[in-house]
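Okay, so here's the structure we're looking at.
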Amino acid sequence: MKKIVVIVGPTAVGKTALSIEIAKRFDGEIINGDAVQVFQGLNIGTAKITNEEMAGVPHHLIDICDPASTYNVFDFKKDVDHLIEKISSQGKLPIIVGGTGLYIQSVLYDYQFPEQKTDHALREQLTQLTPEQLYQQLVQLDEAAASSIHPNNLKRVIRALEICLSTGRKFSEQSTQTSRIEKYSAYVIGLEMDRETLYQRINARVLSMIEAGLEREVRNLCERGMADAQSMQAIGYKEFIPYFHGEQTIDEVIKQIQQHTRNFAKRQYTWFKNKMDIEWFTLNPDQNCSIQFQAIMNEIALFLGK
RNA sequence: GGAAGGGUAGCGAAGAGGCUAAACGCGACGGACUGUAACUCCGUUCCUUCGGGUUCGGCGGUUCGAAUCCGCCCCCUUCCA
């Protein structure tokens, strides 16, 4: 089994800094594991790594999509599998770094996706129905899926129906097909931090994003007609829309971005703590980062047998 | 000094004699997650040894029964001096 290193954790804990140190020390290449950083032009708001910060370490899956286009787990899983193959074959260490639970999970546990793409015509039909009707239909077609999806979770109900209707197979079969066995020999590092401290860091980071010109970045994308694009639903972007329409003040926008980021960090913890097998390391921002990283480095060395 | 309005759970805010440990919103916490996932959705949220206990600025009073009615006091906001 190919060995890979994975770094996960909530937004703003400091994954990027660690990833660079690991890549340099173990001759690795970094694969972005973050759903929004794949888009070009979304830089400040996604806290995307800069060229200088990369320090010569090769980075993949960053800026690979036009902000008007779409990207999803299916694409990610396929791309990462190829990249791991490629990087490993060059004798280098693949390092996945990011905070998108589903994406990383799909790679580690080798999710099997049907080739079926989003069927817009079918979705159009489905949205004509009431949520109750949709759920009832799902109960008829796939009881197992219906029982695991809450009736109020319209998005999931529709997707499950879409799969059932267009493939003729049950949506719930998808998960039973998944091997549940890890595809790679992965050392998964989870970075965590005292909740209160993390929230303060998030608040401060949003403020510095504003200072760095986040508003200009978002306005630019909007002027290019991206307002309704998938990329613009990211935290730090969508919040500007009402402000641009004159319905909110910039202070309200900032507060919202901070709030949404904090809520997001908590959801990330929920995923990582409950769905993945992770080696957790607690970071103390008051202490020297390199020293704290040292313990992690030692573990990786053991894992790699170096 | 005078007049009016107001003080309800972490915050905002309903409730105007019993159906109220107190709607709703926010926050916080916990959880779910297989093609928009930085999405979407769910649960808990006065204390409790789960029997119960203590609440609606404070202290008294009316009543079978008070967050709701009465009196006094404290604090806040606006207006007049």
Side-chain angles (χ1 to χ4, degrees), chain A residues 8-12 32-39 42 44-48 65 67-79 98-120 122-123 131 135 142 144-145 147-164 166-167 169-180 195-196 198-199 202 205-206 209 218 226 228-239 252 255-276:
Chain A
V8 299
T11 185
N32 161 246
D34 198 292
V36 188
Q37 294 194 8
V38 297
F39 294 107
L42 281 77
I44 300 172
T46 62
K48 198 180 280 171
C65 290
S69 65
T70 58
Y71 191 78
N72 59 44
V73 218
F74 180 79
D75 303 320
F76 180 81
K77 163 61 159 90
K78 199 172 46 164
D79 289 345
T100 305
L102 175 66
Y103 282 19
I104 292 169
Q105 187 90 352
S106 76
V107 171
L108 262 32
Y109 294 90
D110 201 22
Y111 277 16
Q112 301 297 311
F113 298 110
E115 280 299 322
Q116 192 64 39
K117 291 181 71 175
T118 306
D119 186 335
H120 295 287
L122 180 57
R123 284 209 177 183
Y135 190 73
D142 186 348
S147 67
S148 68
I149 301 173
H150 189 100
N152 288 356
N153 204 342
L154 237 196
K155 239 175 193 176
R156 300 273 146 79
V157 171
I158 287 180
R159 161 101 281 238
L161 266 180
E162 185 185 7
I163 291 292
C164 294
S166 59
T167 65
R169 306 234 310 265
K170 290 185 175 180
F171 174 74
S172 53
E173 280 176 22
Q174 263 187 70
S175 49
T176 38
Q177 276 172 8
T178 299
S179 56
R180 273 173 216 290
R195 189 73 62 91
E196 192 60 35
L198 181 70
Y199 284 0
I202 286 171
R205 187 159 84 166
V206 171
M209 284 174 177
V218 184
M226 308 296 167
D228 297 320
Q230 175 193 334
S231 60
M232 285 294 294
Q233 73 172 1
I235 296 167
Y237 294 84
K238 59 183 170 196
E239 292 86 356
E252 287 172 318
K255 285 266 182 309
Q256 286 238 302
I257 296 175
Q258 290 172 324
Q259 182 65 62
H260 292 162
T261 309
R262 276 181 262 129
N263 292 158
F264 171 51
K266 205 172 82 51
R267 265 180 276 129
Q268 289 178 299
Y269 270 129
T270 300
W271 185 292
F272 296 132
K273 298 243 167 171
N274 296 290
K275 291 185 83 91
M276 292 170 76

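Scope of the values below: all heavy atoms of this structure, side chains included, with no hydrogens, waters or symmetry mates. So you know, we letter chains A, B, ... as the sequences are listed, proteins then strands, and number each from 1.
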Please test A:Phe74 against A:Ser106 for side chain to side chain contact (heavy atoms under 4.5 Å, CB included), starting from the C-alpha separation and ending with a verdict. CA-CA 8 Å; A:Phe74 180 79; A:Ser106 76; over 6 Å; no
Counting the atoms with a prime plus P, OP1 and OP2 as sugar-phosphate, which does A:Asp228 contact under 4.0 Å by heavy atoms, base, sugar-phosphate, or nothing? nothing
So A:Tyr199, base contact, sugar-phosphate only, or nothing? Heavy-atom distance under 4.0 Å. sugar-phosphate
Check ring pair (Phe, Tyr, Trp, His ring centres under 6.0 Å) between A:Phe76 and all other residues, then give those that pass, not counting sequence neighbours. A:Tyr103
I'd like the [atom1] distance from [M] over to [N], given in whole Å.
N: B:U49; M: B:U34; atom1: C1'; answer: 44 Å
N: B:G25; M: B:G43; atom1: P; answer: 11 Å
N: B:C50; M: B:G5; atom1: C1'; answer: 43 Å
N: B:A67; M: B:C46; atom1: C1'; answer: 15 Å
N: B:A21; M: B:U54; atom1: P; answer: 14 Å
N: B:G58; M: B:C11; atom1: P; answer: 14 Å
N: B:G57; M: B:G7; atom1: P; answer: 8 Å
N: B:C79; M: B:G10; atom1: C1'; answer: 33 Å

If [N] has a Watson-Crick or G-U wobble mate with both distances under 3.5 Å, name it; if not, just say none.
N: B:C33; answer: none
N: B:A14; answer: none
N: B:A66; answer: none
N: B:C19; answer: none
N: B:C79; answer: B:G2
N: B:A28; answer: B:U44
N: B:C59; answer: B:G71

Look at the side-chain N and O atoms of A:Arg195 and state whether any lies under 4.0 Å from the OP1 or OP2 oxygen of B:G30. yes
Presence of A:Lys266 side-chain N/O under 4.0 Å of B:A28 phosphate oxygens OP1/OP2: no
Output one letter per nucleotide in nucleotides 36-41 of chain B: B when a protein non-hydrogen atom lies under 4.0 Å from the base, S when only the sugar-phosphate is that close, - when neither is. BBBBBS
For A:Lys48, give me all partners under salt bridge (charged side-chain N to carboxylate O under 4.0 Å, His left out), at least two apart in sequence or on another chain. A:Asp63
State whether the side chain of A:Thr100 and the backbone N or O of A:Leu102 hold a donor-acceptor pair below 3.5 Å, judged by distance alone. no
Please check this pair: side chain of A:Thr46 against backbone of A:Leu42, looking for a donor-acceptor N/O pair closer than 3.5 Å. yes
Pick one for B:G7: is it syn, with its angle within 90° of 0, or anti? anti
Apply the test side-chain hydrogen bond (donor to acceptor under 3.5 Å, both in side chains) to residues A:Thr11 and A:Arg205: give CA-CA distance (whole Å), side-chain angles for both, the deciding distance (0.1 Å), then the verdict. CA-CA 10 Å; A:Thr11 185; A:Arg205 187 159 84 166; 2.8 Å; yes
Any chance CG of A:Asn274 has more than 12 other-residue heavy atoms, nucleotides or ligands included, within less than 6.0 Å? yes
May I ask you to check whether over 12 heavy atoms, not counting those of A:Lys255, lie within 6.0 Å of atom NZ? no
